[in-house]
Amino acid sequence: MPELPEVETIRRDLESVISGRSVASAWVSENAPRLVQLIPPDEFCKQLKGQRIERLSRRGKYLILNLQSGLIWAVHLRMTGRFQHNVEGCPESPYLRAWFELDDGSFLCFADLRKFGMMWLVDDFSAVNPLLGPEPLEDGFDLKEFAATMKRRSAPVKALLLDQTVLAGVGNIYADEALFAAGIRPARAASTLTRPAVARLHQRVQDVLHAALGDRGSSFSDYVDASGQQGSHQLNVQVFRRTGEPCYACGTEIRRIKVAGRSTHYCPRCQK
DNA sequence: CTTATTCCCTGATTGC
DNA sequence: TGCAATCAGGGAATAA
């Protein structure tokens, strides 16, 4: 499941490889009716053709290809989307949903087992998502504002970490990891957190994302980078998918519960 | 405004 | 063993 570190890894990989290239031709599968948003797929392909990719950026879990025309090509991988660059065509896959041939003959390939992934071609990112919260690894992630949000919400603290309007880019893996690192129970009502706990969480979210970036993301199931390689942070998690295994800090068995409709992993001793 | 639930989709897992 | 029901997950849509 690509979250901020995974999408950022793809962005960095693609930046040097496809910047300056133009789209020579585009194809979207008939079997992916929800992939292209806002406009019909054939219109999307037609508009994309000839566009030069100036640079790549990212907002939360959205990969953004900034086109020289000023248009924005946004891609969200959701759960199982893969966005890969291949020099010689796209690898055979029953889940290939779209491809984009570039002017050097290489291909951007979009495969997606569950068809939850989406793409947009818009003038402004606000047309894609107008309510996205601050980037957790940039100055806009303000502690005071974060604390104020926590204070007035009764939802479980994990639900707020997953809320993309509160902060952009954290998903199930890094929400669990950040809460462990901060010593906070995921089901705890956000409004009951002390100020020091909120400050700790604010810092740990950033630490956990940085660590995952250093490992080129986590590959628990489908995630691979733009070259098809797995990340390695799944080998370095403290709680995520470690149900029944001993906590590295205290030896207590990691528990799994449901919070905000998502599988949630925590150490009952280290997290209060 | 909030929080909780449903839905999309399909391979993997669980249960009888 | 076999086959159906349930689960997983991001996040939008819908319900309460």
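Proteins get letters first, then strands, A, B, ... in listed order; numbering begins at 1 in each.
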Next on the checklist: disulfide (SG to SG under 2.5 Å) for A/Cys270 and A/Cys247? Distances and angles first, verdict last.
Outcome noted: CA-CA 9 Å; A/Cys270 294; A/Cys247 171; 3.7 Å; no
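- Using a 4.0 Å heavy-atom criterion, one finds that A/Asp222 contacts no nucleic acid atom at all.
- A/His76 has a side-chain polar atom (N or O) that falls below the 4.0 Å cut-off from OP1 or OP2 of C/dG11.
- Whole-Å rounding puts the A/Tyr223 OH to C/dG9 P distance at 18 Å.
- Residue-level contact check: A/Thr80 touches neither bases nor backbone, having no heavy atom under 4.0 Å from any strand.
- Look at NZ on A/Lys258: it is 14 Å from P on B/dA4, rounded to the nearest Å.
- Of the candidates B/dT3, B/dG11, C/dA8, the closest approach to any side-chain atom of A/Ala155 belongs to B/dT3.
- Protein atom CZ of A/Arg262 is 15 Å distant from nucleotide atom C1' of B/dT3, rounded to whole Å.
- The side chain to side chain contact (heavy atoms under 4.5 Å, CB included) check on A/Ser22 picks up A/Arg52, A/Asp103, with sequence neighbours excluded.
- Summarising the geometry, the separation between CZ on A/Arg82 and P on B/dG11 is reported as 14 Å, rounded to the nearest angstrom.
- Between the side-chain ring of A/Phe116 and the base of C/dG10, a stacking contact exists by the 5.5 Å and 30° definition.
- When the C1' atoms of four end pairs are superposed on the next four at each end of the helix from B/dT2-C/dA16 to B/dC16-C/dG2, using five pairs per end, the two resulting axes differ in direction by 70°, to 10°.
- Residue contacts for A/Arg97: at a heavy-atom cut-off of 4.0 Å it reaches no nucleic acid atom on any strand shown.
- For the pair A/Glu3 CD and C/dA8 P, the interatomic distance rounds to 16 Å; values are reported in whole Å.
- Between A/Arg216 atom CZ and A/Arg12 atom CZ the span is 9.0 Å, to the nearest 0.5 Å.
- Because its NZ or CZ atom is not both nearer than 6.0 Å to the ring centre of A/Tyr174 and within 45° of the ring axis, A/Arg204 does not count as a cation-pi partner of that residue.
- Across all strands shown, A/Tyr62 has heavy atoms under 4.0 Å from sugar-phosphate atoms exclusively, and none from any base.
- The side chain of A/Lys115 places an N or O atom within less than 4.0 Å of a non-bridging phosphate oxygen (OP1 or OP2) of B/dT10.
- Side-chain atoms of A/Arg78 and base atoms of C/dG9 include no donor and acceptor less than 3.5 Å apart.
- None of A/Asp124, A/Asp123, A/Asn129 except one satisfies the side-chain hydrogen bond (donor to acceptor under 3.5 Å, both in side chains) rule with A/Ser126; the exception is A/Asp124.
- Take the nearest nucleotide of DNA chain B for A/Tyr95 and for A/Leu160: the residue whose nucleotide is more 5' is A/Leu160.
- With A/Phe110 as the fixed residue, the side chain to side chain contact (heavy atoms under 4.5 Å, CB included) test singles out one of A/Leu96, A/Val28, A/Leu35: A/Leu35.
- A/Arg34 has its CZ atom 6 Å from the C1' atom of B/dC8, to the nearest Å.
- In terms of position along DNA chain B, the nucleotide closest to A/Arg153 lies nearer the 5' end than the nucleotide closest to the other residue of the pair A/Arg114 and A/Arg153.
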Next on the checklist: I'd like to know whether A/Tyr62 forms a ring-ring contact (aromatic ring centres under 6.0 Å, His included) with A/Trp120, so could you lay out the CA-CA distance, the side-chain angles of the two residues, the decisive distance to 0.1 Å, and finally the verdict.
Outcome noted: CA-CA 10 Å; A/Tyr62 296 86; A/Trp120 299 256; 5.6 Å; yes
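- The side chain of A/Asn172 approaches C/dG9 more closely than any other nucleotide in the set B/dG11, C/dG9, B/dA4.
- Checked by atom type, the side-chain pair A/Asn66/A/Ser57 shows a donor-acceptor distance below 3.5 Å.
- In this entry the distance linking CG of A/Asp112 with C1' of B/dC9 reads 9 Å, nearest Å.
- C/dA13 atom P lies 15 Å from atom CD of A/Gln164, rounded to whole Å.
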